[in-house]
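We name chains A, B, ... by the order of the sequence lines, and we start the count at 1 in each one. Computed from heavy atoms alone, side chains included, the values below leave out hydrogens, waters and symmetry copies.
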Amino acid sequence: MLSVNQKILVAVAWPYANGPRHIGHVAGFGVPSDIFARYHRLVGNDVLMVSGTDDHGTPIMMQADKEGVSYRELADRYNEVIARDLQGLGLSYNLFTRTETLNHTEVTQDLFTALLQNGGIIKDTMLGTFAANGKALPDRYVEGTCPICGFPDARGDQCDNCGNQLDPVDLINPRSKIDGLPPTFRPTEHFFLDLPKFREQLRGWIEAQMHWRPNVRNFSLNLVDDLRPRAVTRDLDWGVPIPLPGYDEKRIYVWFDAVIGYLSAAIEWAHNHGTPDRWQEWWLNPAAQHYYFMGKDNITFHSVIWPAMLLGYREQDGVTAGPHTLNLPYNVVSTEFLTMEGKQFSTSRGVVIYVRDVLERYGADPLRYCLTAGGPETQDADFTWAEFVRRNNDELVATWGNLANRVLTIAHRNFGAVPPQGTLQPSDQTLLDELQRAFATIGDLIATAHFKSALAEAMATAARVNHYVSEQEPWKLVKSDKERAATVLWTALQAVDSLKIIFCPFLPFSSQALHEQLGYTSVIAGPLEIHEQIESNGAHHLVLTCEPASWTGRWQPSELPAGQLLPAPNPLFRKLEPGVVQEEVARLLAKE
RNA sequence: GCCGAGGUAGCUCAGUUGGUGAGAGCGUGGGAUUCAUAACCCCAAGGUCGAGGGUUCGACCCCCUCCCUCGGCACCA
C-alpha cells in the first residue's frame, strides 16, 4: 500500500460533447478511474481527479450542423447532459470542466507557443481536403471508389474492403460523407508537432515503464518506431485560436488541445479554490504520480503524443527542474471495448444504452457493479441485459445486499443497537482477521488497477461473512444464549461495517446507505455537485466538483461502537424481475 | 495486406518465469436451514484447455502450420 499524502493525479479521458454518454464510454474511462480515485482518497492520499468535455472536433461540428444549432450551443447542451450523467453515476471528479473556457484556451496557447519557440512544432504545407462549405474535411469523412480494388464505398483513410491505406485525393469519384458533395483539394499551410524529434527520448522513457500493462507498453513502442509529424491545426472556425497573427481562418485541432485539458483543468481547479498555485503540487512535483484512464482507442495520445508535448515543453528549461518541467504519465491504464448484446456500440445504428436511462431505471451501483465485474479490463467484454439482471440478482442482491440485510435485521430486532462485544471466540477473531487482511489484499489490487479481481475478492469476503453467520446461527442464539448472540452480532456488524468501506470505491451510494443503517450520521464520500463557474472575462460554464477533504471514510477496519442505535434496515439493492431482460432488449430493437 | 489480442467446464471468465490429479463465479443436481429480497450455507457432477504437428523426462502455458473471432493501421479522437 502507498504511504499517505502521496499526490496522485487521476487523469480521465475527455468525452466528446456531441451526445449523452453510453455505458461503453463509462465502462472504459469512467468507472475504473473513479474506483481508483475513491480508493486512494480513503487511504489518505491527495487525489486530484480531472476531466471535462471535449467541446471541439469534427463530430461536434457535424452534429451541430445536422441540428442547425451553433457549435457552442451544442457543446453547452451536451456538456451539461454529460456532467449530469457522470454525477448520477457517482464519478467523483475534483473538477469536471470543459475545453471551451478562457483558462483552457490560455493554457493551450501557452503550450503551443512554447513548443513553436523551441522547435517542437514546425510549419509545413500539406494537401488539404475541403468540403463544399469550405471547411476542412477529415479523411475518414471522405468516401469514394477504391483505386486499388474498386470497392465503391472506401473511406479516405482506408479501404474497408481491401484494407489498404489510402489518401482521399486518390479516391475515384470522392464525395463527402456529410453532404454527399465532392470535396476539393488544395495545398494549405499548417503547424505540425514534430514527433520524430522526440523518438529516442520517447523510446527510452517507454522502455523504462515496466509497470505498464504489457499491451500498452508494446503497442506504444511499436508506434514510436514509425513516428511522423502530425498536423496540429486545421482549416476550421471551431477550436482554440492560433496565438499568432494571420491565422484567423485556422484553429488548433482537437487532439492537441484535448490532452492539454489534464493540465488546464488542474490549473482551473486550483484557481477555483483560491489557491492558484496548488496545481503545481501535482504537475511540478516529481514525487507526484499521474495515472491516465482511457479506452484502448486512445492509448497513442496518452503514451506517445502527450508525453512528446510535455517533453517539448520542458526543453525551454533544459533538463533542470523549473516551471516547465511538467510530470510525464506514471501509468497509462487503458481498457478494452464493451460490446452490446454482441454488437459494437453505434449511436447511429441504435445499438446503444445510455447511462442516464440505466441510472433512471436501475440506479448507479448495479451498473457500476456490472461494468466492473464484467467489464472490458483486459479484453473486450460483452454487455447483455440477461447478464446485468443475473449479476444484480445472483451476486449483488444475494451475496452482499442479503448479508447486510440479514445481519442488520437480527441485530435491530433483538437489540435495537450494536450489541456489546463480550468475549470473542476463535471463530470470531478469525473472521475479523480475515477482514483486516482483505483491506490490504483488495487495496493492492485496486492500486495496481486490477479492479475486476479486487471486486471479486470483495464479494468473496462477503460470502465468507455469510458463511460465518450461517454457521453461528445468531437467530437461534438470541433465544438460547443472548450473551453469545451479542458477540456474534457484534462481530458480524464489524464485518459488515468493514465491507461497507471495502465496497465504497465500487458502490459508493449503497455504502453510504448502509453507513446510515449502521447508525452513523456522517458522510463517507460525497456529495458531488454541479455549479456555475465564472471566469475573469465574465464567461461562465458548468463544472462538476466535490470536496474530498471533508469526507470521513477511511480505508481501515470497522470501529463500530457498541451501543450505537440501529434504525430499521432496508434492502440495499432491489431484485430485478426476469421480465426486465425482454423489456430492455425490446427497447433496443425498437431503436434499430 | 501488415501489426496485435483472443479461442480453457452449459454461461462469463482466472490461469506468475512449462512440472504432483486444470480453477472461480453463475447455472444444474442433491443436502441442510429458515435471520434474510425463495436469499444464505454445505456437497456433487461437468472440460481430450480451437485443430494438427514439433521441442522436452514433462506443455493449457515454448516453436511451426491451419481454422475461427476481434481490434489497430495515425491527421478519427
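- Ile299(A) places its CD1 atom 15 Å from the P atom of G4(B), with the value rounded to the nearest Å.
- Note: CG (Leu221(A)) to C1' (C3(B)) measures 14 Å, nearest angstrom.
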Q: Quick one: do His190(A) and Thr233(A) satisfy side-chain hydrogen bond (donor to acceptor under 3.5 Å, both in side chains)? Show the steps, please.
A: CA-CA 6 Å; His190(A) 279 300; Thr233(A) 51; 2.7 Å; yes

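- Shown for residues 394-407 of chain A: residues whose heavy atoms fall under 4.0 angstrom of RNA chain B, namely Asp394(A), Glu395(A), Val397(A), Ala398(A), Asn402(A), Asn405(A), Arg406(A).
- Nucleotides of RNA chain B nearest to Tyr16(A) and Thr409(A) differ in position, and the one nearer the 5' end is that of Thr409(A).
- Asp365(A) places a side-chain N or O within 3.5 Å of a backbone atom of Ser510(A) that can act as its donor or acceptor partner.
- Rounded to a whole angstrom, the distance from the P atom of G21(B) to that of C60(B) is 11 Å.
- By the neighbour-count criterion of 12 heavy atoms within 6.0 Å, atom CD of Glu189(A) is densely surrounded, having more than that number from other residues, nucleotides or ligands.
- Using P as the reference atom, U8(B) and C61(B) are 14 Å apart when rounded to the nearest Å.
- Using a 4.0 Å heavy-atom cutoff across all strands shown, Asn466(A) reaches sugar-phosphate atoms only and no base atom.
- Atom CH2 of Trp475(A) and atom P of A32(B) are 16 Å apart (whole Å).
- Atom C1' of G15(B) sits at a distance of 26 Å from the matching atom of C3(B), rounded to the whole Å.
- Within the 3.5 Å criterion, the main-chain N or O of Ala231(A) finds a donor-acceptor partner in the side chain of Trp255(A).
- Across all strands shown, Asn393(A) has no heavy atoms under 4.0 Å from either base or sugar-phosphate atoms.
- Here G6(B) presents its P atom at 11 Å from NZ of Lys296(A), a figure rounded to the nearest Å.
- Nearest nucleotide to the Lys575(A) side chain, out of G71(B), A36(B), A39(B): A39(B).
- As judged by a 4.0 angstrom heavy-atom cut-off over every strand, Arg390(A) is placed among residues touching the sugar-phosphate backbone only.
- Phe219(A) meets the side chain to side chain contact (heavy atoms under 4.5 Å, CB included) test with Leu223(A), Ile299(A); sequence neighbours excluded.
- Between U48(B) and G4(B), the distance separating the two C1' atoms is 30 Å to the nearest Å.
- Classification of the Trp238(A)-Tyr71(A) ring pair by plane angle, with boundaries at 30° and 60°, yields tilted.
- The residue Ala463(A) sits close only to the backbone: its heavy atoms come under 4.0 Å of sugar-phosphate atoms, none of a base.
- Of the residues Ile82(A), Asp85(A), Val355(A), the one that meets the side chain to side chain contact (heavy atoms under 4.5 Å, CB included) test with Pro20(A) is Asp85(A).
- A donor-acceptor pair shorter than 3.5 Å cannot be found between the side chains of Tyr16(A) and Gln63(A).
- Here U34(B) presents its P atom at 8 Å from NZ of Lys479(A), a figure rounded to the nearest Å.
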**Q.** Secondary-structure string, 5' to 3', Watson-Crick or G-U under 3.5 Å, | for another-strand partners, for RNA chain B
**A.** (((((((..((((.....[...)))).((((.........)))).....(((((..]....))))))))))))....

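- In this structure, the CG atom of Asp297(A) is 23 Å from the P atom of C3(B), given to the nearest Å.
- Going from the C1' atom of G23(B) to that of C64(B) covers 30 Å, rounded to whole Å.
- Between Arg391(A) and Glu387(A) there is a salt bridge, since at least one side-chain N of the basic residue sits less than 4.0 Å from a carboxylate O of the acidic one.
- Remark: the separation of the P atoms in G50(B) and C40(B) is 32 Å, to the nearest Å.
- Between the side chains of Arg406(A) and Asn466(A), at least one donor N or O lies within less than 3.5 Å of an accepting N or O.
- Both the sub-6.0 Å distance and the 45° axial angle are satisfied by Arg186(A) relative to the ring of Phe130(A).
- The aromatic rings of Phe383(A) and Trp385(A) sit perpendicular to each other, their planes meeting at more than 60°, with 30° as the lower class boundary.
- Using atom C1' as the reference point in both A39(B) and A32(B), the two lie 15 Å apart (nearest Å).
- Taken residue by residue, residues 566-574 of chain A places heavy atoms nearer than 4.0 Å to RNA chain B at Pro571(A), Leu572(A), Phe573(A).
- Between Leu576(A) and Phe388(A), some side-chain heavy-atom pair lies under the 4.5 Å cut-off.
- The CD-C1' distance, from Glu471(A) to A32(B), rounds to 13 Å in whole Å.
- The shortest distance between the side-chain N/O atoms of His467(A) and the OP1/OP2 oxygens of C40(B) is not below 4.0 Å.
- With P as the reference atom, U55(B) and G10(B) are 32 Å apart, rounded to whole Å.
- In terms of the ring-ring contact (aromatic ring centres under 6.0 Å, His included) criterion, Phe256(A) has no residue partners (sequence neighbours excluded).
- Contact annotation: Lys476(A) side-chain N/O to U34(B) OP1/OP2 distance is under 4.0 Å.
- With a glycosidic angle no further than 90° from 0, G46(B) counts as syn.
- Here C40(B) presents its P atom at 15 Å from CD1 of Ile410(A), a figure rounded to the nearest Å.
- Between the side chains of Trp306(A) and Tyr262(A), no donor N or O sits under 3.5 Å from an acceptor N or O.
- Picking from C41(B), C3(B), C35(B) the nucleotide with the shortest atom distance to the side chain of Asn222(A) gives C3(B).
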Report, one pair per line, the protein and nucleotides 10-17 of chain B atoms (nitrogen or oxygen only) whose separation is under 3.5 Å.
{"residue": "A14(B)", "atom": "OP1", "partner": "Thr378(A)", "partner atom": "OG1", "Å": "3.3"}
{"residue": "A14(B)", "atom": "OP1", "partner": "Gln379(A)", "partner atom": "NE2", "Å": "2.6"}
{"residue": "A14(B)", "atom": "OP2", "partner": "Gln379(A)", "partner atom": "NE2", "Å": "3.2"}

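- Between Phe112(A) and Phe191(A), the ring-plane angle classifies as perpendicular under the 30° and 60° cut-offs.
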